[in-house]
Amino acid sequence: MAKGKGSDQGAKQNTDGIGGKITPREEDYPQWYQDVIREGELAETAKVVKGCMVIKPHGYAIWEKIQRDLDARFKETGHRNAYFPLLIPQSFITKEAEHVEGFAPELAVVTHAGGEALEEPYVIRPTSETIIGHYFAKWISSHRDLPLLINQWANVMRWEKRTRMFLRTTEFLWQEGHTAHSTHEEARAEVERMLNVYGDFAEQVMAMPVIRGVKTESEKFAGALSSLCIEAPMQDGKALQAGTSHDLGQNFGRAFDVQFQSEEGKLDYVWQTSWGVSTRLVGGLIMTHSDDAGLVLPPRVAPIHAVIVPIWRKAHERDAVFEACARIKASLDEIDLSQPRSRYRDFVEVVVDDRPIRPGAKFYEWERRGVPVRIEVGPKDIAKGQVCVRMRVDTAAGTGKEFIPEADFIAGFRGRLDLYQAELLRIARERMETQTVTLDTWDEFLAAFAGDASVFAWCHWDGTAETEAAIKEQTKATIRCVPLPGQGPAPEPGKCILTGKPSPQRVLIAKAY
RNA sequence: AGGGCUGUAGCGCAGUCUGGUUAGCGCGCUCGCUUCGGGAGCGAGAGGUCGGGGGUUCGAAUCCCCCCAGCCCUACCA
């Protein structure tokens, strides 16, 4: 076998041992996912608490990036943050019939406090519709109090049977928007508006393409009239429900007696919505971009944009190299990455890795952490007034080692990040296209979902829950959503892929996380 | 919740079947010297409730019981 001359050959032979091993995706995708999280120092399983995770600083910093961008978008659309109790009186949960049925199996309940049994147990919130409904009832009495647009950043707990880091943990961090409106039309507009906020965020900030759609009756939120969602394709062809936006109708308004007096003086129940995204997004980020060398981060969610690795041998070189590193960092520090009309200013985050270990070891480490840009500064570079640049992933934003005049590099840095961001989205979209198929026969369908395989399949469906369940039972694939206008193939009638009965349009089917 | 696999140092593992002195190995970690543009070399070190509890035994990482946790497959699930 011919030996590759590229450095990658040597690297592969040494992946176990120093640091941990990252299992290649083709070998074992779930193991790869866990390896990336461990080696990227994103999180670890709590172990001492079932199903929970410890989010480590680098992982949490990504969540903070996500939070900050979304928070600005919520405020931009008129929402205000508030905070409600973690514990909810058990009786609240039971007030909305469908809601309690949906959540009862996964509730954690506090039965004792202060050394005594509680008269009425508290539920640890799995979501806050009920307790927020209670307060909405107190806050709303007139149409002048509407719309009421509230968001909460919080943790919630759902006792899931099976957990996976970031994707489904017992406790997770999220935001939940809760709004109340005087008409159903207005509430529906809000539901759509926030779904689009999520969709835009996923694509623009996370560089994660999504399909926007409507959940089927069996997949919708417990207690909602309907649920909109964004579904993101992962590298293994499975779908990740990355965000949901629910039309709650008047269900919770009735359950919690949230009434308002209209302009005409009539009493009516409010129309409510709720919408949320969670730390699951971090899992989606990992499975959208990362590779066998570890984490890959789009610049807009990267806690660190660039790492500078000083290269030197002799003591007298050291000072000059460190000085150059400090100068380059200072120049990069000044670069403003803020988006137009942003509520917050964002500057380039740079780390100079001056630890006394060999450069190669640093390269591997920062690659595993997903830092977009690596800069090497050595005596030769200083002599030539240049920097050596290597992007985390080869794209149009940069390929291989580039040697660039320092001033040009600084001047082009923001553009480089923007292009890299765009390239990651382009690559993800291309992959989505290759994973997306239009299927018309059940044989094709069975083949596409054989074993552990999954694709994004556009198929006709007769619209019945029975067929939906049959598809799931036979293939483990589920109807992810009925696409919104502009998503997926243009609607045209056809025949259900399983039953042959008439279908008005194709729906998205995939295995799901 | 059912089935399977697993739990020994930070990470990855051997040892368990067939019980027996101070529980090993690789990497990582600490110190020293030489090194430093893709995971350095040599030398000297540190680091362990063998997941937890109970039992059998002269003696348990090893055998038995219970529990906890993780991974995979079902089932369940915004």
Side-chain angles (χ1 to χ4, degrees), chain A residues 6-23 28-31 33-35 38-39 41 44-53 98-99 101-107 126-129 156 158-165 167-168 170 172 174 176 215 218-224 227-230 240-246 248 274-278 280 293 309-315 317-318 321 355-368 374-382 387-388 390 400-401 403 451-452 472-473 476 478 512-513:
Chain A
S7 56
D8 282 349
Q9 284 291 323
K12 270 179 191 160
Q13 288 163 5
N14 290 320
T15 44
D16 46 13
I18 304 166
K21 180 183 178 179
I22 295 178
T23 306
D28 185 345
Y29 195 81
Q31 186 62 50
Y33 176 73
Q34 292 178 72
D35 291 345
R38 187 187 68 245
E39 294 303 315
E41 298 179 90
E44 59 187 62
T45 54
K47 298 270 190 178
V48 293
V49 187
K50 186 181 170 72
C52 291
M53 69 192 295
E98 224 176 84
H99 191 69
E101 193 185 326
F103 282 103
E106 50 190 71
L107 293 179
T127 178
S128 301
E129 276 76 8
V156 291
R158 298 179 186 180
W159 216 260
E160 302 282 1
K161 300 275 193 274
R162 168 129 190 238
T163 55
R164 275 167 179 268
M165 298 261 268
L167 300 175
R168 181 177 289 105
T170 301
F172 56 96
W174 78 342
E176 45 181 327
K215 282 292 179 196
S218 61
E219 297 265 339
K220 76 173 168 70
F221 178 71
S227 294
L228 300 188
C229 63
I230 52 174
L240 183 71
Q241 179 177 305
T244 46
S245 184
H246 313 293
L248 302 178
S274 70
W275 27 275
V277 296
S278 72
R280 171 183 275 191
V309 178
I311 310 288
W312 56 282
R313 293 165 185 248
K314 312 247 164 64
E317 293 172 337
R318 198 194 116 101
V321 166
R355 293 173 301 166
I357 58 176
R358 293 166 68 92
K362 296 178 184 177
F363 299 162
Y364 279 93
E365 183 174 321
W366 292 107
E367 276 165 15
R368 289 197 301 256
R374 185 181 81 224
I375 303 153
E376 298 170 36
V377 179
K380 294 175 200 164
D381 303 309
I382 296 175
V387 291
C388 173
R390 179 77 196 263
K401 281 193 177 183
F403 297 89
D452 205 32
K472 183 178 181 182
E473 192 183 334
K476 294 177 207 160
T478 51
Y513 273 100

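Being a predicted model, the structure only gives us computed values, none of them experimental. So you know, we letter chains A, B, ... as the sequences are listed, proteins then strands, and number each from 1.
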When you measure from the side chain of A:K50, which nucleotide among B:C77, B:G70, B:C72 comes out closest? B:G70

Using a 5.5 Å cut-off between ring centres and planes within 30 degrees, is A:F363 stacked on the base of B:G38? no

Across the strands shown, which category fits A:C388 at heavy-atom distances under 4.0 angstrom: base, sugar-phosphate, nothing? base

Tell me what A:S278 touches on the nucleic acid: a base, only sugar-phosphate, or nothing, going by heavy atoms under 4.0 Å. base

Polar side-chain contact A:R162-B:C76 base: donor and acceptor under 3.5 Å: no

Should A:R38 be listed as having a side-chain N or O under 4.0 Å from OP1 or OP2 of B:G10? no

Across the strands shown, which category fits A:T244 at heavy-atom distances under 4.0 angstrom: base, sugar-phosphate, nothing? base

A side-chain contact here means heavy atoms from C-beta on lying under 4.5 Å apart; do A:I311 and A:V321 qualify? no

Just checking A:E129: base, sugar-phosphate only, or nothing, at a heavy-atom cut-off of under 4.0 Å? nothing

On the 0 to 90° scale, with breaks at 30° and 60°, tag the A:F172-A:W174 ring pair as parallel, tilted or perpendicular. perpendicular

Check every strand shown and say whether A:K220 touches a base, only sugar-phosphate, or nothing at a heavy-atom separation below 4.0 Å. sugar-phosphate

Can you tell me if A:R390 touches the phosphate of B:G38, counting only side-chain N or O atoms and a distance under 4.0 Å to OP1 or OP2? no

When we call it a touch if two heavy atoms are under 4.0 Å apart, what does A:F221 touch: a base, just sugar-phosphate, or nothing? sugar-phosphate

When you get a sec, tell me which of B:C77, B:G37, B:G38 is the closest nucleotide to the side chain of A:E367? B:G38

Please classify the nucleic acid contact of A:Q31 as base, sugar-phosphate, or nothing, using heavy-atom distances under 4.0 Å. nothing

Just N and O in the side chain of A:R318: are any of them under 4.0 Å from OP1 or OP2 of B:C36? no

Among B:C36, B:C76, B:C71, which nucleotide has an atom closest to any side-chain atom of A:K161? B:C76

Under 4.0 Å between any heavy atoms, over every strand shown, what does A:F172 touch: base, sugar-phosphate, or nothing? Just pick one. base

For a quick check of understanding: with a heavy-atom distance under 4.0 Å over all strands, which category does A:R280 fall into, base, sugar-phosphate or nothing? nothing

In whole angstrom, give me the gap between the C1' atoms of B:U22 and B:A61. 15 Å

